[in-house]
Asker: 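Have a look at this one before I ask anything.
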Amino acid sequence: MTDAIEDLRTTADELARRVAGAVLLPGDEGYAEECATYNPAVPNNPAVVVGAAGPSDVQAALAYAKDHDLAVAVMNTGHTTVVAAGRTLLITTRRMDEVTIDPDARRARVGAGVRWQQVVDAAAEHGLAPLNGSSPLVGVVGYTLGGGLSATMGRKHGWASDHVTALDIVTADGQLRHADADVEPELFWAVRGSKSNLGVVTAMEFELFPVTRLTGGVLIFPGDQAGAVLRAYAALTAQAPDELTTSIAFMRLPDVPVFPEPLRGTFTVHVRVSFLGAAADADTLLAPLRAAAPIMIDTVGDMPYTDFAAIYSDPEGPAPFAERTLSLPPLTDDLVARLIAAIGPAADVPANIIELRHLGGALRDTPDGAGAAGLRTAEFVLWVVTVGGPDLTGPALRWTGELFDGLKPWALEGKHLNFIGQEDLAEEAVRAAYPAAVYGRLARAKAVYDPANVFHLNHNIRPAAAVA
Ligand SMILES: Cc1cc2nc3c(=O)[nH]c(=O)nc-3n(C[C@H](O)[C@H](O)[C@H](O)COP(=O)(O)OP(=O)(O)OC[C@H]3O[C@@H](n4cnc5c(N)ncnc54)[C@H](O)[C@@H]3O)c2cc1C
């Protein structure tokens, strides 16, 4: 049945009676809050939003979407830029917020609405820690289904998606399925790299690691020292042990309140450090970097793992922003020279944050049972972020395109799925985000689990024609 958006209200009342969570339409009290994202630059105005409290709510929402011919989007925190507008049904997962830790098995089981700080705090009570990212507010499931590049332990333990041990998912046909290495293994592989392309994950189980403290923090240098700092950073990352996970960010921060006072309106270079070892050993590793240029702020030291958010101090948001990403090899002299020319103090740069996250180490490995995500051949992920409305992000995105054109001689296959922006959602760009064989296999899984492409409000993988 296809009906006009305004006619949905009658049938939505019936849906609301079957749903334990919330069913809201435009104009309803709470609709705007339910649809709110971390990135308000992306309009999120679905015809219906279902705040799912559990798998049966997700199933009811999918049945309703099918009956009314609505495309389906999935959201927890809204850190990714996905537009749900017009004839769409948005499923929000925040109500599924339970966390259980099994200290003997060193595993966590989380509902789809859980954010990282919740897991870090719960795991810490047992002397354990997960492969979380830089931000305490990012959602565990969305992050992990995109690979999950841990800002604290990525190089030591690899991609978070490779450490998932089981998940529950409602696929497009409305079935609640359990997937692990033995049950539905192809679904288990494909979900860990296709995000919401195959269905809505309602719960996920993953490994934890016996870590309670780390040596972490940030070194902040003045922007006019960018060349010296990047050269020292290239030397550091060329020799780094797997215990050291770092990134370097060239920050031209606008004078807006989401950024801290001393850094607003300035150009600075930040090296973010997480070391799984003693502070003295970190000092030895960091000595050449510390000597490379005058330091404005140095917070690197021993800290409880639960304080990981202090390493990046990511904005709590919400703030409108645009992002793009590219994968790069080691920082050879020619690449460093190209980067300094393009983003150093002499360059006219409209983007706010240009960040290189160091991969390598265990992130290169393909362990038994690995998922579809994971940039295993790149050494760095380049992430370019600009904060603001279209007047600011438009010129910045044009500039980013030119930056990426200039980096073509170095650019590598694949993209970190968690940093893909609106500009890279077209079919060819999504295809290019994966190695060709991985995309082909994902397209075959899509044809099995979502042949009608109900879940296309994402970085969309088209169902393979042969299987469909
Ligand atoms: C400040 C900041 C810091 C970040 N740091 C890191 C980092 O250190 N490492 C890293 O790898 N990434 C990082 N990211 C990127 C982040 O991992 C992605 O934006 C991720 O998609 C966020 O997931 P979410 O659930 O919070 O966001 P949402 O926008 O709610 O979800 C993102 C997407 O994930 C999918 N999804 C979410 N929940 C489900 C579900 N239950 N079932 C199926 N699909 C689902 C959907 O496709 C959805 O569009 C960062 C982003 C920001 C803005």
Side-chain angles (χ1 to χ4, degrees), residues 35-39 41-42 44 52 55 58 72-84 90-97 110-117 131-154 159-161 167-172 190-204 245 247 249 258 272 274 308-309 311-323 325 353 355 357 359 363 373-375 381 383 385 387 415-422 425 449-450 455-461:
C35 299
T37 78
Y38 179 82
N39 184 359
V42 180
N44 217 8
V58 174
V72 179
V74 190
M75 183 174 81
N76 178 13
T77 70
H79 274 70
T80 288
T81 48
V82 167
V83 181
L90 175 67
I91 297 174
T92 59
T93 62
R94 289 170 211 134
R95 289 168 182 77
M96 295 183 260
D97 61 354
V110 302
V114 169
R115 298 176 186 239
W116 271 125
Q117 188 73 49
L131 292 176
N132 54 282
S134 57
S135 164
L137 300 175
V138 158
V140 174
V141 169
Y143 162 98
T144 305
L145 301 187
L149 174 55
S150 174
T152 48
M153 304 198 283
W159 298 95
S161 54
L167 47 85
D168 295 337
I169 178 171
V170 180
T171 44
V191 176
R192 293 173 296 146
S194 54
K195 290 196 145 178
S196 57
N197 267 284
L198 303 181
V200 182
V201 170
T202 53
M204 200 175 73
T245 298
S247 73
V258 288
R272 289 78 171 261
S274 170
F308 74 94
I311 300 175
Y312 279 67
S313 302
D314 284 331
E316 290 176 8
F321 69 96
E323 61 187 323
T325 185
I353 304 169
E355 183 174 345
R357 292 206 180 187
L359 306 181
L363 295 161
L375 275 178
V381 166
W383 189 26
V385 176
V387 179
K415 290 197 166 68
H416 180 38
L417 304 168
N418 282 344
F419 292 163
I420 291 180
Q422 290 286 310
L425 295 184
Y449 293 102
D450 183 18
F455 292 101
H456 63 256
L457 299 168
N458 43 33
H459 73 287
N460 189 224
I461 295 159

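Order of appearance sets the numbers: ligands from 1, and atoms from 1 within every ligand. Note that these values count all heavy atoms, side chains included, but never hydrogens, waters or copies made by symmetry.
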Asker: Determine whether any heavy atom of S150 lies closer than 4.0 Å to an atom of ligand 1.
Answerer: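 The answer is no: ligand 1 sits nowhere under 4.0 Å from a heavy atom of S150.
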Asker: Can you sort out which atoms of ligand 1 are near L145, meaning under 4.0 Å from one of its heavy atoms?
Answerer: 43 (C), 44 (N)
Asker: Quick check on side-chain contact (heavy atoms from CB on, under 4.5 Å): which of V191, V140, L198 does L145 satisfy it with?
Answerer: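 Among V191, V140, L198, the one that satisfies the side-chain contact (heavy atoms from CB on, under 4.5 Å) with L145 is V191.
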Asker: When you compare ligand 1 with T80, is there at least one nitrogen or oxygen pair between them that comes in under 3.5 angstrom?
Answerer: yes
Asker: Is there any N or O on M75 that sits under 3.5 Å from an N or O of ligand 1?
Answerer: no
Asker: In terms of ring plane angle, is the pair W159 and H416 parallel, tilted or perpendicular, where the classes change at 30° and 60°?
Answerer: tilted
Asker: Report yes if some heavy atom in the side chain of N197 is under 4.5 Å from a heavy atom in the side chain of F455; otherwise report no.
Answerer: no
Asker: Pull out every atom of ligand 1 sitting under 4.0 Å from any heavy atom of G148, numbered as shown with elements.
Answerer: 11 (O)
Asker: So is E323 close enough to ligand 1, meaning a heavy atom under 4.0 angstrom away?
Answerer: no
Asker: May I ask you to test the P136-Y312 pair for a side-chain heavy-atom distance under 4.5 Å?
Answerer: no
Asker: How far does CG of L375 sit from CG of L417, to the nearest 0.5 angstrom?
Answerer: 7.5 Å
Asker: Would you mind reporting whether P318 and N39 have side-chain heavy atoms less than 4.5 Å apart?
Answerer: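 A side-chain contact under 4.5 Å is absent here.
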Asker: Checking contacts here: is it the side chain or the backbone of E316 that comes within 4.0 Å of ligand 1, counting heavy atoms only? Could be both or neither.
Answerer: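 Neither part.
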Asker: What's the separation between atom OG1 in T171 and atom CG in D450, rounded to the nearest 0.5 Å?
Answerer: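 T171 OG1 to D450 CG: 9.0 Å, rounded to 0.5 Å.
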Asker: Please determine whether any non-hydrogen atom of G146 lies less than 4.0 Å from an atom of ligand 1.
Answerer: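 No, that is not the case, since the closest heavy atom of the residue is not under 4.0 Å from the ligand.
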Asker: Assign the ring pair W383 / F419 to parallel, tilted or perpendicular, where the plane angle (0 to 90°) is split at 30° and 60°.
Answerer: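 Answer is parallel, since the angle falls under 30°.
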Asker: Do the non-hydrogen side-chain atoms of T80 and K195 ever get within less than 4.5 Å of each other?
Answerer: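 They are in contact (side-chain heavy atoms under 4.5 Å apart), so the answer is yes.
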Asker: For W383, state whether at least one heavy atom is located under 4.0 Å from any atom of ligand 1.
Answerer: yes
Asker: At the 4.0 Å heavy-atom cut-off, does F455 count as touching ligand 1?
Answerer: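 It does not, in that no heavy atom of F455 comes within the 4.0 Å cut-off of ligand 1.
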Asker: Does the side chain of R95 reach to within under 4.5 Å of the side chain of T92, using non-hydrogen atoms?
Answerer: yes
Asker: If we set the cut-off at 4.0 Å for heavy atoms, which region of F419 has an atom near ligand 1: side chain, backbone, both, or neither?
Answerer: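 Under 4.0 Å from ligand 1, F419 contributes side-chain atoms alone.
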Asker: Between S274 (side chain only) and T152 (backbone N and O only), is there a donor and an acceptor less than 3.5 Å apart?
Answerer: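 Yes; at least one donor-acceptor contact below 3.5 Å.
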Asker: Which bit of H416 is near ligand 1, meaning a heavy atom under 4.0 Å away: side chain, backbone, both or neither?
Answerer: side chain
Asker: Any N/O of L457 closer than 3.5 Å to an N/O of ligand 1?
Answerer: no
Asker: Where the side chain of Y143 meets the backbone of V138, is there a donor-acceptor pair that is under 3.5 Å apart?
Answerer: no
Asker: Ligand 1 versus D314, non-hydrogen atoms closer than 4.0 Å: side chain, backbone, both, neither?
Answerer: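 Only the side chain of D314 comes within reach of ligand 1.
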Asker: Using distance alone, determine whether N76 and ligand 1 share an N or O pair under 3.5 Å.
Answerer: yes
Asker: What are the atoms of ligand 1, with element, lying closer than 4.0 Å to any heavy atom of G133?
Answerer: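 Numbered from 1, ligand 1 contributes 7 (C), 8 (O).
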Asker: If we ignore angles and hydrogens, is there a donor and acceptor under 3.5 Å between the side chains of N458 and S196?
Answerer: yes
Asker: For the 3.5 Å polar cut-off, considering only N or O atoms, please tell me whether L149 and ligand 1 meet it.
Answerer: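 Right, the criterion is met.
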Asker: With rounding to the nearest 0.5 angstrom, report the NE2 to CG distance, H456 to L425.
Answerer: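 Rounded to the nearest 0.5 Å, the NE2-CG separation comes out at 12.0 Å.
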Asker: Which ligand 1 atoms, with their elements, are less than 4.0 angstrom from a heavy-atom of A112?
Answerer: 41 (N)
Asker: Less than 4.5 Å apart, side chain to side chain, heavy atoms only: is that true for M75 and I91?
Answerer: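 They are not in contact (no side-chain heavy atoms under 4.5 Å apart), so the answer is no.
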Asker: Going by the atom numbers of ligand 1, which of them fall below 4.0 Å from some non-hydrogen atom of S196?
Answerer: 43 (C), 44 (N), 46 (C), 47 (O)
Asker: Indicate, as side chain, backbone, both or neither, the part of N418 found under 4.0 angstrom from ligand 1 when only non-hydrogen atoms are considered.
Answerer: both
Asker: Looking only at distance, does N458 have an N or O less than 3.5 Å from an N or O of ligand 1?
Answerer: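 No, since none of the N or O atoms of N458 sits under 3.5 Å from an N or O of ligand 1.
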Asker: Quick one: does G78 get a heavy atom under 4.0 Å from ligand 1?
Answerer: yes
Asker: Can you list the ligand 1 atoms lying under 4.0 Å from a non-hydrogen atom of Y38?
Answerer: 1 (C), 53 (C)
Asker: Of all the atoms in ligand 1, which lie at a distance below 4.0 Å from a heavy atom belonging to V141?
Answerer: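 Checking each atom against V141, I get 39 (C), 40 (C), 41 (N).
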Asker: Which ligand 1 atoms does V200 reach within 4.0 Å, using its non-hydrogen atoms?
Answerer: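 Answer for ligand 1: 42 (N).
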